[in-house]
Enquirer: 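Before we start, here is the structure in question, set down as structure tokens.
Predicted model, so just to flag it, every value in this text is computed and none were measured. Numbers for residues simply follow the sequence, beginning at 1.
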Amino acid sequence: MTVPENTILTMKQKAVLQIVACLFSLVLFSCRATKITRATFPSDTTARNIDSLSREKEHALARNILEKVRANRIEFKTFSAELKMDYDDDKGKRMNNLGVNIRMEYDSAIWIRVAGPANIEGARILVTKDSIKIVNRLEGTVMLRNVKEGQEKLKLNMDLRTLQDLIVGNAVFLSDSISNIVTTQSVISFASLQPTLVSLFNVFADDYVIQQCKVTDKDSTAVNSRVMELTYGDHKVVEGRKIAFQRKIYVEDKNVVKVALDFKRMEFNKPQSFPFPIPDKYTRE
């Protein structure tokens, strides 16, 4: 039996919107994430007993590592990118080679366009400090929500700056205090504690650029304990900034989601627009 083309596109569109919701949920990961080799984090150990002199040396080392990691932070006023996205989840949904365009103005807006084969637009998303807008082009629907309503609709807590950091490749969930430092010739591993989360990082020993990050609930025995892993690769220098052009994301909560991002182009600090036309005939959700 031949499936009508518009039915196929509708199915793809629903998957696209799930991808979008997953990307948003990575900020305070509420959704688990193309084939990912999961990282080993030497810092994922129990606290060690060290004497006061060793503790003083470790504190000095921690300050040095934190300073060098943060020196790699990518600052921008505006950002734009083109990339390909692959998506896979434990429900059997799989989407390959989706075209994604992203535009951002720091601490102001994130604009995302997702397209399928033949560059047919599937979804357009606009996130600001106080609103979330999602247009479903293939089903003719639009969702307009303030932040609180959007969080309830998408079942996530969203922080605009953290999502922008995630997209551009900055460290996320990195606190002012790090511990459990393990150094090798090629990689430095450490833990960073927050009130409810534990973050583990692997950074390259030569330049302190992030290689992997793993974030878990501090209470690992909790029901539906969450795990998020980010892997960064294919680093290139763009306008003086060293950036990972390949990202792999693994998120585990009640479900498992895997996302692979392959950036083709990035630009910084160029004028950006955020067109978001909404046809009158579209159904409001």
Enquirer: Between D176 and R70, is the side-chain contact (heavy atoms from CB on, under 4.5 Å) condition met? List the steps.
Expert: CA-CA 10 Å; D176 291 334; R70 287 181 167 166; 2.9 Å; yes

Enquirer: With rounding to the nearest 0.5 angstrom, report the CG to CD1 distance, N64 to I188.
Expert: 8.0 Å

Enquirer: Do N202 side-chain atoms and Q212 backbone N/O form a donor-acceptor pair below 3.5 Å?
Expert: no

Enquirer: Mind checking whether I167 and V209 sit in one hydrophobic cluster, side chains of I, L, V, M, F, W, Y counted as touching below 4.5 Å?
Expert: no

Enquirer: Verify, without hydrogens or angle tests, whether E105 (side chain) and S273 (backbone) share a donor-acceptor contact under 3.5 angstrom.
Expert: no

Enquirer: Using a 4.5 Å cut-off on heavy atoms from C-beta on, say whether the side chain of K214 contacts that of F173.
Expert: no

Enquirer: Is the shortest heavy-atom distance from the side chain of L144 to the side chain of I278 under 4.5 Å?
Expert: yes

Enquirer: K258 and D88: salt bridge (Lys or Arg N to Asp or Glu O under 4.0 Å), yes or no, with the steps?
Expert: CA-CA 5 Å; K258 302 173 186 178; D88 188 12; 5.0 Å; no

Enquirer: Please check if the side chain of R241 supplies one atom and the backbone of E75 the other of a donor-acceptor pair under 3.5 Å.
Expert: yes

Enquirer: Taking all non-hydrogen atoms of both residues into account, name the closest pair between C213 and F201 and its distance.
Expert: SG-CE2, 3.5 Å

Enquirer: Show, in sequence, the C-alpha distance, side-chain angles and deciding distance for L197 and T216, and conclude whether the side-chain contact (heavy atoms from CB on, under 4.5 Å) test is met.
Expert: CA-CA 6 Å; L197 302 174; T216 63; over 6 Å; no

Enquirer: Quick check: closest heavy atoms across S175 and Q194, and the distance to 0.1 Å?
Expert: CB-CG, 4.2 Å

Enquirer: Rounded to the nearest 0.5 Å, what separation is found between the CE atom of M228 and the CD1 atom of I249?
Expert: 8.5 Å

Enquirer: Taking the side chain as every heavy atom from C-beta outward, state whether L230 and V172 have any pair of such atoms under 4.5 Å apart.
Expert: yes

Enquirer: Is D86 salt-bridged to K84, cutoff N-O under 4.0 Å?
Expert: no

Enquirer: Using side-chain heavy atoms (C-beta onward) and a distance below 4.5 Å, is V142 in contact with T283?
Expert: no

Enquirer: Just by distance, no angles: are the side chains of R265 and N101 close enough, under 3.5 Å, to form a donor-acceptor pair?
Expert: no

Enquirer: Can you list the residues that meet the side-chain contact (heavy atoms from CB on, under 4.5 Å) rule with T184, with sequence neighbours excluded?
Expert: S186, V187

Enquirer: Output the distance between atom CD1 (I65) and atom OG (S192), rounded to the nearest 0.5 Å.
Expert: 12.0 Å

Enquirer: Atom CD of Q164 and atom CG of D107: how far apart are they, to the nearest 0.5 Å?
Expert: 6.5 Å

Enquirer: Can you tell me if R247 uses its side chain to pair, donor with acceptor, with the backbone of F263 under 3.5 Å?
Expert: no

Enquirer: First locate atom CZ of F268, then atom CE of M104, and finally report the distance between them rounded to the nearest 0.5 Å.
Expert: 8.0 Å

Enquirer: Using only atom types and a distance under 3.5 Å, with no angle test, would you say the side chain of S199 pairs donor to acceptor with the backbone of L174?
Expert: no

Enquirer: Do N72 and I210 have side-chain heavy atoms sitting under 4.5 Å apart?
Expert: no

Enquirer: Calculate, to the nearest 0.5 Å, the distance between atoms CD and NE2 belonging to Q211 and H235 respectively.
Expert: 8.5 Å

Enquirer: Donor-acceptor check, side chain of N170 to backbone of R73, threshold 3.5 angstrom: yes or no?
Expert: no

Enquirer: Show the numbers, then the answer: is there a side-chain contact (heavy atoms from CB on, under 4.5 Å) between F245 and M266?
Expert: CA-CA 9 Å; F245 270 61; M266 297 184 190; 4.1 Å; yes

Enquirer: Is the backbone of P275 close enough, under 3.5 Å, to the side chain of R124 for a donor and an acceptor to pair up by distance?
Expert: yes

Enquirer: Would you kindly confirm whether I178 and F204 end up in one hydrophobic cluster when ILVMFWY residues are joined by side chain heavy atoms under 4.5 Å apart?
Expert: no

Enquirer: Evaluate the criterion side-chain contact (heavy atoms from CB on, under 4.5 Å) for residue pair E139 and Y282; output intermediate values, then yes/no.
Expert: CA-CA 9 Å; E139 293 187 349; Y282 274 29; over 6 Å; no

Enquirer: I'd like to know if the side chain of N180 and the backbone of F190 have a donor-acceptor N/O pair within less than 3.5 Å.
Expert: no

